Amino acid sequence: MRSALYVPGSRPELFDKAMSSRADVVLLDLEDSVPPAAKDRARTAVAAWLSESRASGPRIWVRVNPGSIGEADLAAVAVAGVSAVCLAKTESAAQVHVAGAVLREFEPCPGGIRICPILESASAVLAAREIAAAPRIDRLQLGETDLCAEIGVDPSPDDRELWAVRSQVVLASAAVGIAPPLGPVRTDFGDLEALKVSTMALARMGFRGRACIHPAQVAVVNEVFAPDPADIERARALVARFDAAGGAALDDEGRMVDLAVVRRARRLLANSAQHDGGGASRTGT
Ligand code: COA
Ligand code: MG
């Protein structure tokens with residue numbers, strides 16, 4: 001997973017455009033990009049579009065509203081072709097259980113639709129580990145706009161005031177063994193250089209993939225999260241050297257290679273193999 005492109009559910013004329021982008025996931029939104037008066041119309045438009053079958057293209061996710069509107073959303077979008085739903089404003093693991101129960105009632109293939117909770121409040125971030133450990137979780141996503149408003153953060157250009165929060169979401173995901181979290185959107189979609197710099201910082205911090213709001217952001221985010229062939233080659237050489245030595249060895253720059261270093265290299269190789277095999281599939285997660 002490198003990129004997920006949001007599309008407002010109230011703008012069906014953009015759905016096919018989003019599908020022809022290079023995003024790994026097209027994320028149809030029924031929540032904050034859809035005004036209250038348009039919720040029913042957006043849900044109907046998304047459900048109608050989902051009922052058309054598609055053999056290829058990005059995977060399809062849908063972001064649903066919290067509460068009772070969200071339950072109606074889930075019932076309408078629990079169809080073939082949807083690989084995950086994003087639960088906006090998830091506050092607790094209990095909410096994930098409720099969403100799972102609604103999905104179970106409507107989805108065509110039991111357990112087939114995964115859940116990506118979006119953490120957008122102080123209490124959600126503090127409950128990240130319990131939420132991450134709930135059933136069906138694919139990965140977490142961080143929603144920073146609402147969070148910043150609630151906790152009174154006005155981020156610097158490098159977002160340093162959010163580093164601790166971001167790390168907490170990475171740690172919670174790793175601690176329960178789910179995929180690393182999806183990075184937050186960047187709203188100044190005209191500044192692709194700033195997007196690149198901040199996406200590289202997210203990647204170093206342990207995020208994998210980032211949510212986008214504009215097609216122009218997708219290429220930048222894809223590039224940052226694409227495995228670097230030089231890193232892969234280095235990892236492969238390092239594992240080979242370690243295996244040949246039968247234990248601790250030195251790399252070609254004279255640094256120690258022990259089991260921890262090899263484990264990291266093997267993880268990189270496993271991720272890149274997954275990446276090679278996962279590109280165009282719509283059914284995986
Ligand atoms: N998905 C698919 N196509 C999109 C798109 C999206 N999210 N955003 C823009 N486009 C298309 C436009 O329709 C336009 O197509 P055209 O060249 O055929 O006319 C092209 O990309 C360039 O768009 P541009 O004019 O630069 O942007 P805009 O002013 O039309 O739209 C936004 C800007 C932010 C309103 C729009 O990108 C958007 O709605 N993004 C998603 C917002 C969202 O879902 N938010 C919720 C999550 S935070
Ligand atoms: Mg929001």
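One-based numbering, in listed order, for ligands and for the atoms of each. Note that the structure is predicted; figures quoted are calculated from it, not measured.
A salt bridge links Arg186 with Asp188: at least one charged nitrogen is closer than 4.0 Å to a carboxylate oxygen. Between Glu233 and Arg236, at least one side-chain nitrogen of the basic residue sits less than 4.0 Å from a carboxylate oxygen of the acidic one, meeting the salt-bridge criterion. Ion pairing of Asp146 with Lys89 is present here, as a side-chain N (NZ or NE/NH1/NH2) and a carboxylate O approach within less than 4.0 Å.
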Check against side chain to side chain contact (heavy atoms under 4.5 Å, CB included), Glu71 and Val98: CA-CA 9 Å; Glu71 289 183 29; Val98 170; 3.7 Å; yes

Close N/O pairs between ligand 1 and protein, under 3.5 Å:
from, atom 1, to, atom 2, distance (Å)
ligand 1, 7 (N), Tyr6, O, 2.8
ligand 1, 7 (N), Ile213, O, 3.1
ligand 1, 13 (O), Lys17, NZ, 2.9
ligand 1, 15 (O), Lys17, NZ, 3.0
ligand 1, 18 (O), Lys17, NZ, 2.9
ligand 1, 23 (O), His214, NE2, 3.3
ligand 1, 26 (O), His214, NE2, 2.7
ligand 1, 27 (O), His214, NE2, 3.4
ligand 1, 37 (O), Ile213, O, 3.2
ligand 1, 40 (N), Ile213, O, 2.7

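Contact record, Ala78 with Ile113: CA-CD1, 3.6 Å, taken as the closest heavy-atom pair.
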May I have the list of side-chain donor-acceptor pairs in residues 171-178 shorter than 3.5 Å, sequence neighbours left out?
from, atom 1, to, atom 2, distance (Å)
Ser173, OG, Val169, O, 2.9

